There are 2 protein chains.
Amino acid sequence: MAGKRLEKMEENRAKLIAAARKAFAEKGFANASMDELTADAGLTRGALYHNFGDKRGLLAAVVDQLDGEMAARAREIGAKSAGHGEGDSWQALLAEGAAYIEMALDPEIQRIVLLDGPAVLGDPSQWPSQNSCLAETRKGVRAMVESGVMKPVDIEAASRLLNGAALNAALWVAASDKPAEVLPKAVEAFSLMADGFRAKS
Amino acid sequence: MAGKRLEKMEENRAKLIAAARKAFAEKGFANASMDELTADAGLTRGALYHNFGDKRGLLAAVVDQLDGEMAARAREIGAKSAGHGEGDSWQALLAEGAAYIEMALDPEIQRIVLLDGPAVLGDPSQWPSQNSCLAETRKGVRAMVESGVMKPVDIEAASRLLNGAALNAALWVAASDKPAEVLPKAVEAFSLMADGFRAKS
DNA sequence: GAACTTGACATACGAGACGTATGCGACCAC
DNA sequence: GTGGTCGCATACGTCTCGTATGTCAAGTTC
């Protein structure tokens with residue numbers, strides 16, 4: 001019966017992160033009170049500072065979780081899209097891009113990952129979690145550059161621009177009056193723009 | 001001798017905005033103290049709240065000023081690039097994009113317009129100043145779509161994606177270890193990606 | 001198995017920072 | 001010249017974060 005201590009600790013960490021996700025998404029990082037947040041989780045600020053160091057640490061943990069979930073979903077969609085074709089990795093990239101745009105319509109992801117995240121933690125490329133989403137895109141881009149599907153562009157630059165464009169498009173869609181009407185336009189424009197990276201057939 | 005009152009008021013507004021630009025750029029919006037900031041301008045918080053309503057209002061005014069400066073510079077560069085050619089508006093668009101990327105290397109613009117701005121004021125498309133930069137890009141895109149230089153893509157979507165990609169690229173360049181080496185890669189990748197919007201020759 | 005030690009978490013405290021309500025004094029009108 | 005208006009300063013209350021200290025259960029050692 002060893003590890004009852006760590007078990008409880010992980011449980012509390014999870015509860016705090018869950019409460020933080022809700023509070024940050026609803027009120028924004030700056031306006032979220034740590035007292036309320038921890039009370040919702042049935043704890044106090046003591047637990048928070050012990051586990052995450054400070055408020056930024058908590059945000060980093062939340063962003064890490066969300067980022068991981070996004071990357072997992074993108075991978076899943078990418079795999080599905082590339083699977084039933086005969087290795088059309090280009091379709092997979094477009095599908096991933098569209099998936100990012102759609103995922104970012106979730107207020108939780110918008111507010112926390114796209115708005116507060118960069119402002120508080122700095123540019124995504126230097127996040128502690130190292131940005132799983134970007135890594136996912138980079139993997140795809142690298143494979144396509146090496147296989148000649150994409151032009152011989154700088155892998156890091158292309159990944160960054162594709163990801164940035166997708167997430168930025170999502171922000172625009174979400175802020176628009178009628179997201180349902182605007183989304184397809186954003187996806188289409190993204191596909192066109194990404195096509196600039198494609199090797200001439 | 002009329003308007004000595006308004007004159008002084010505008011002068012103070014300008015001093016506050018200038019002090020805010022410096023404070024926000026150096027410490028970030030959240031960590032900038034309004035007491036220090038106003039003291040630097042030789043005033044107190046009373047003037048600030050009277051002129052801008054609250055801290056967000058001040059940020060909005062600062063962002064508006066920076067955005068205007070950026071748009072003016074982009075217009076200038078775009079005009080120069082299109083001028084000596086025979087109406088090659090495409091080159092002008094690329095030049096504008098590159099200009100945005102370079103401008104965003106300025107810490108003031110990065111921190112205030114790209115990071116804190118969206119987080120505090122929300123998505124740029126719904127800023128009070130209505131985002132001059134975006135308007136500038138939109139103008140160019142619309143002209144090119146109508147003249148057939150660009151594919152018949154949704155103007156709003158294309159403008160948003162181009163702008164977002166450029167600014168995002170700038171964030172990446174600035175966060176990298178050696179900006180001087182990375183910048184050309186970002187500009188090249190941007191040009192390639194934008195080329196996806198270009199009508200097939 | 002009992003005393004000791006560790007460490008996760010709670011509580012208490014201090015230091016700002018924001019926003020508002022109130023007061024003052026200079027400009028403008030008549 | 002007098003009254004009013006308005007821009008700005010001052011004073012206050014409230015909230016929040018971060019740290020320092022206390023406490024009690026879980027793990028450890030003999």
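These numbers come from the heavy atoms of this one structure, side chains and all, not from hydrogens, waters or symmetry mates. Reminder, nothing fancy here: chain letters follow the sequence lines and each chain counts from 1. All values derive from a computational prediction rather than experimental measurement.
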- Query: Is Asp195(A) close to Phe197(B) at the side-chain level, that is, under 4.5 Å between some pair of heavy atoms?
  - Reply: no

- Message: Please report the distance, rounded to the nearest Å, between CE in Met9(A) and C1' in dT6(C).
- Response: 13 Å

- Please report, rounded to the nearest Å, how far the P atom of dA11(D) is from the CE atom of Met34(B). 19 Å

- In whole angstroms, the gap separating P of dC8(D) from CG of Leu58(B) amounts to 14 Å

- Base, sugar-phosphate, or nothing for Ala30(B), non-hydrogen atoms under 4.0 angstrom? nothing

- Note on the structure: Asp54(A) CG to dA20(D) C1', in whole Å, measures 17 Å

- Message: Whole angstroms only, please: what is the CD-P distance between Glu11(B) and dG7(D)?
- Response: 15 Å

- Message: Quick check: on DNA chain C, is the nucleotide nearest Arg56(B) upstream (toward 5') of the one nearest Leu6(B), or the reverse? Name the residue that is more 5'.
- Response: Arg56(B)

- Task: For Glu10(A) and dC9(C), give me the distance from atom CD to atom C1', rounded to whole Å.
- Result: 15 Å

- Item | Closest listed nucleotide, where the reference is the side chain of Tyr49(B) and the choices are dT19(D), dC8(D), dT20(C) | dT20(C)

- Message: Under a 3.5 Å cutoff, is there a donor and acceptor pairing between the side chains of Asp35(B) and Ser33(B)?
- Response: no

- Return no unless some side-chain N or O of His50(B) is found under 4.0 Å from OP1 or OP2 of dC8(D). no

- Item | Spacing between Asn51(A) atom CG and dC9(C) atom C1', to the nearest angstrom | 9 Å

- Task: Assign each of Arg45(B) and Asn12(B) to its nearest nucleotide of DNA chain D by heavy atoms, then name whichever residue's nucleotide is nearer the 5' end.
- Result: Asn12(B)

- Message: Restricting to side chain to side chain contact (heavy atoms under 4.5 Å, CB included), what partner residues turn up for Gln91(B), sequence neighbours left out?
- Response: Ser81(B), Asp88(B), Leu94(B)

- Task: Kindly indicate whether the side chain of Leu43(B), heavy atoms from C-beta on, has any atom under 4.5 Å from the side chain of Leu48(B).
- Result: no

- Upstream residue (5' side of DNA chain D) when Glu36(A) and Lys8(B) are each assigned their closest nucleotide: Lys8(B)

- For Arg111(A) and Phe24(A), work out which heavy atoms get closest and say how close. CG-O, 3.5 Å

- Task: Under 4.0 Å between any heavy atoms, over every strand shown, what does Ser33(B) touch: base, sugar-phosphate, or nothing? Just pick one.
- Result: sugar-phosphate

- Note on the structure: Ala30(A) and Lys55(A) have their tightest heavy-atom pair at O-NZ, 3.7 Å

- Nearest-Å distance, CG (Asn31(B)) to P (dA15(C))? 19 Å

- Message: Check Glu69(B) with Arg21(B), please: is the shortest side-chain N to carboxylate O separation under 4.0 Å?
- Response: yes

Output a table of nitrogen or oxygen pairs between the protein and nucleotides 21-25 of chain C separated by less than 3.5 Å.
none

